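Single-structure report; data block below.
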Amino acid sequence: EAQVTQNPRYLITVTGKKLTVTCSQNMNHEYMSWYRQDPGLGLRQIYYSMNVEVTDKGDVPEGYKVSRKEKRNFPLILESPSPNQTSLYFCASSPPGQGAFEQFFGPGTRLTVL
Amino acid sequence: GDSVTQMEGPVTLSEEAFLTINCTYTATGYPSLFWYVQYPGEGLQLLLKATKADDKGSNKGFEATYRKETTSFHLEKGSVQVSDSAVYFCALSDQWRGSTLGRLYFGRGTQLTVWP
C-alpha cells in the first residue's frame, strides 16, 4: 500500500531530551516536507526537501533539524526540545516533478514536551 | 509574502444544506491553489486543485474556481452530508517560470460540522 508512515505516533518527553521523529514513504517521491499543526494557526512548514541531500527551511525551522540521506526517509530531529514545540507534526511527500503540489500526508505525530 | 486567508470557523450546517467556505490568497508569482481535508484523527488529504486562472477543481461534489481577479478560491458544495464533517484547509503553492518553489502555504483551517 502506498503510504507515508511516521513513528512514533504519540510521544511525551521532557525538556532538553533529544528526540527523532521518523518519516518514510514508499512511493519513490522526491519531495518531502515537515509541518506542525497548532490550534488557530493551521499548518506551518518546518523544513522541506526537493531531493536527496537537498533541504531548505520553511516558515518555522528554529529548534529543528532534518536530513535527507536517502529518498524514502526524512527524519525530524529535535536536539533540545522545549515546551513550545508541543504540537501535532505531519510529514508529507509529493510525486516526482510535482514539487509542493499534491502532497500525501502521514497520519501525524502528537508530541508533548514537559 | 505568499499567504492564504480563509473564513473563520466553526461552520455548523444541517444535512443537505449548501456550503461555502471562503478563501483568498496573496502571491507574488503564479500560484496553484488547493483544498485539503482533514478527517478526525487523520492526516490531510487533497480534495481538489486548480493550477491556473479560471480553472475549476472538483471532487466528491465539492467545487472551487480559481478567480484571479478577486484572488479567491472559495469551496462550495450543494448538499453536505454528515460524512463531510472535517477540517478544510485552503493552500497555495507558488510557481516561477513553470516550476514550483517548494513551498505550500496553508490557511488556518475551517472546522465543518454537519448534523443529521
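Atoms considered below: every heavy atom in the structure, side chains included; atoms not considered: hydrogens, waters and symmetry mates. In this text the structure is predicted, and so the values were computed from the model without any measurement. Letters A, B, ... mirror the listed sequences (proteins, then strands); counts begin at 1.
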Are [X] and [Y] connected, step by step, through hydrophobic side chains (Ile, Leu, Val, Met, Phe, Trp, Tyr) whose heavy atoms are closer than 4.5 Å?
X: B:M7; Y: B:L19; result: yes
X: B:V37; Y: B:L46; result: no
X: A:M32; Y: A:W34; result: yes
X: A:V4; Y: A:I46; result: no
X: B:V87; Y: B:L92; result: no

Hey, could you give me the [atom1]/[atom2] distance between [X] and [Y], rounded to the nearest 0.5 Å?
X: B:L44; Y: A:Q103; atom1: CG; atom2: CD; value: 9.5 Å
X: B:Y36; Y: A:L43; atom1: OH; atom2: CG; value: 10.5 Å
X: A:F104; Y: B:Q45; atom1: CZ; atom2: CD; value: 10.5 Å
X: A:F90; Y: B:Q38; atom1: CZ; atom2: CD; value: 4.5 Å

Under a 4.5 Å cutoff for heavy-atom pairs, which residue among A:R44, A:R110, A:Q37 has the most contacts with chain B? A:Q37
With a 4.5 Å heavy-atom cut-off, do B:L104 and A:Y35 have their side chains touching? yes
Heavy-atom cut-off 4.5 Å, strictly under: side chain, backbone, both or neither for A:D59 against chain B? both
Around atom CZ of B:F18, are there more than 12 heavy atoms of other residues, nucleotides or ligands at under 6.0 Å? yes
